[in-house]
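Structure first, commentary second.
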Amino acid sequence: MYVCLCHGISDKKIVKLVEEDGVSDIRGIKAITPLGSQCGKCIRQAKGIIQHVVLERDTAQDITVIDITEVTLKKAS
């Protein structure tokens with residue numbers, strides 16, 4: 001879906017910039033693309049996409065996986 005109709009910038013492009021290039025705010029997106037430089041109606045939606053991807057990425061990094069195959073139980077004496 002296009003977020004910025006004026007410049008043809010899609011939600012996929014914004015997600016890619018956040019995930020692959022480490023962009024974490026609207027300034028970073030605007031430094032790489034012309035997003036918001038024409039009419040500006042796309043800024044709010046782009047911010048929402050950035051926040052969603054950053055939150056999703058940060059949440060995924062906070063999850064600790066425990067390998068239960070290596071857990072041994074001791075018998076009560």
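Here the structure is a predicted model, which is why all the values come from computation and not from measurement.
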Q | Among L17, I14, V23, the one residue meeting side chain to side chain contact (heavy atoms under 4.5 Å, CB included) with T33 | A | L17
(Q) So I49 and H52, do their side chains get closer than 4.5 Å, heavy atoms only? (A) no
Q: Check the hydrophobic clustering (I, L, V, M, F, W, Y; side-chain heavy atoms under 4.5 Å; chains of links allowed) and say if L5 and I29 are grouped together.
A: no
Q. Which heavy atom of L35 sits nearest a heavy atom of A46, and at what distance?
A. CD2-CB, 3.7 Å
Q | D11 CG to C4 SG distance, which is reported to the nearest 0.5 Å | A | 12.5 Å
Q | Gap separating the NZ atom of K13 from the NZ atom of K16, nearest 0.5 angstrom | A | 5.0 Å
(Q) Rounded to the nearest 0.5 Å, what separates atom CZ in R44 from atom CD1 in I26? (A) 12.0 Å
(Q) side chain to side chain contact (heavy atoms under 4.5 Å, CB included) for V54 and R57? Distances and angles first, verdict last. (A) CA-CA 5 Å; V54 168; R57 178 187 65 204; 3.7 Å; yes
Q: Determine whether I43 and Y2 fall in the same hydrophobic cluster, where Ile, Leu, Val, Met, Phe, Trp and Tyr are linked whenever their side-chain heavy atoms lie under 4.5 Å apart.
A: no
(Q) Any heavy-atom pair between the side chains of P34 and I9 that's under 4.5 Å? (A) yes
